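Working notes, beginning with the structure itself.
The shown structure was predicted, so the numbers you read here are calculated from the model rather than taken from an experiment. Residue numbering restarts at 1 for every chain, and letters A, B, ... go by the order of the sequence lines. Below, all heavy atoms of this structure are taken into account, side chains as well, without hydrogens, waters or symmetry copies.
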2 protein chains.
Amino acid sequence: MVERMDDDSLSAILKAASDPTRRAILTLLAQQGPMRVTDIHSQFDMSLNSVSKHIKVLEQAGLVKRRTEWREHMIEVEMGPMSHIDAWFAALRSIWELRLEALDDILTKDDPDND
Amino acid sequence: MVERMDDDSLSAILKAASDPTRRAILTLLAQQGPMRVTDIHSQFDMSLNSVSKHIKVLEQAGLVKRRTEWREHMIEVEMGPMSHIDAWFAALRSIWELRLEALDDILTKDDPDND
DNA sequence: CATTCGTTCAACCATATGGGTGAATAACCT
DNA sequence: AGGTTATTCACCCATATGGTTGAACGAATG
């Protein structure tokens with residue numbers, strides 16, 4: 001069944017994922033596993049600070065998790081919340097298909113009353 | 001292999017979907033089928049103009065299609081591009097799972113060399 | 001203690017976004 | 001032609017966003 005999640009959370013997730021840099025960070029983390037902010041930064045042509053901010057956005061959306069080990073912040077991708085995107089899309093598609101089926105039903109039933 | 005679609009298109013799609021009003025519009029259209037801008041507007045507590053702007057964002061992201069019939073603009077949800085979201089998510093998950101499998105492989109092989 | 005390292009915080013800037021209002025355009029209906 | 005209807009365009013405004021630089025902080029290390 002459709003887990004009706006917080007609209008705000010979903011917005012945050014989608015918005016966080018809508019930035020190419022942030023998607024690249026997620027991909028990088030999925031490939032490499034947990035990385036430090038500095039390591040992530042080394043893969044991008046932008047200030048460490050900007051990368052840090054992107055990570056914060058991802059973190060607040062729940063798409064990454066931070067394990068602060070001593071002075072190093074290990075950032076790890078979190079796949080769980082991403083399924084909310086999937087769920088929303090699936091729900092939308094199911095609503096859409098339901099309507100089409102109903103429409104088809106109306107059009108194909110041999111009811112002489114139509115028109 | 002990861003089907004690398006236009007990064008910009010995907011960004012546009014995710015960004016368009018990241019707004020609650022726009023998601024509501026998509027849901028409405030999926031439920032009701034094609035609607036006019038005015039009809040959509042009647043469901044929201046906001047100016048017609050704002051609704052029109054939201055529709056334009058959805059349109060540019062390819063999430064809705066516009067059939068301009070005479071003076072009426074019929075707006076219809078377009079499910080196709082939404083699968084890009086799905087595809088991106090699936091690709092990310094697959095990258096993630098591949099890494100975990102490889103990791104598991106390393107950890108479980110009876111290699112006496114590990115320390 | 002001073003330094004270096006890893007990271008964030010604070011301030012700043014340009015641009016985008018979401019909202020509003022009012023005018024303009026375009027087509028239909030007398 | 002004049003009025004109504006449907007929609008967008010052009011502005012305006014407040015706030016958010018993505019980027020920058022420089023300072024600050026906390027912890028390891030010489």
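- One atom, CG of Leu58(B), and another, P of dG18(C), lie 10 Å apart when rounded to the nearest Å.
- When all heavy atoms of Arg22(A) and Ala16(A) are compared, the closest pair comes out as NE-O, 2.8 Å.
- Separating the CD1 atom of Ile55(A) from the C1' atom of dT7(C) is a distance of 10 Å, rounded to the nearest angstrom.
- The heavy-atom pair separating Leu92(A) from Met79(B) by the smallest distance is C-CE, 4.1 Å.
- Side-chain contact between Leu28(A) and Phe44(A) is present, with at least one heavy-atom pair separated by less than 4.5 Å.
- Remark: the Arg23(B) side chain and the Ser11(A) side chain contain an N/O donor-acceptor pair separated by less than 3.5 Å.
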Atom pairs, protein N/O to nucleotides 20-26 of chain C N/O, distance under 3.5 Å:
| from | atom 1 | to | atom 2 | distance (Å) |
| --- | --- | --- | --- | --- |
| dG20(C) | OP1 | Ser47(B) | N | 3.4 |
| dG20(C) | OP2 | Ser47(B) | N | 3.0 |
| dG20(C) | OP2 | Ser47(B) | OG | 2.9 |
| dG20(C) | OP2 | Ser50(B) | OG | 2.4 |
| dG20(C) | O6 | Lys53(B) | NZ | 3.1 |
| dT21(C) | O4 | Asn49(B) | ND2 | 2.5 |
| dG22(C) | O6 | Asn49(B) | ND2 | 2.4 |

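- Scanning all heavy atoms of the two residues, the minimum distance from Val37(B) to Val51(B) falls at O-CG1, 4.4 Å.
- Residues Arg67(A) and Glu76(A) have side chains in contact (heavy-atom distance under 4.5 Å, counting atoms from C-beta outward).
- Think of the region where chain B sits on DNA chain D: with heavy atoms and a 4.0 Å cut, that region ends 5' and 3' at dT5(D) to dA10(D).
- A salt bridge between Lys15(B) and Asp19(A) is absent, with no side-chain N of the basic residue lying under 4.0 Å from a carboxylate O of the acidic one.
- Look at Glu59(B) and Lys65(B) and you find no salt bridge, because none of the NZ, NE, NH1 or NH2 atoms lies under 4.0 Å from a carboxylate O.
- Toward the 5' end of DNA chain C, the nearer of the two residues Ile75(A) and Val57(B), judged by each one's closest nucleotide, is Ile75(A).
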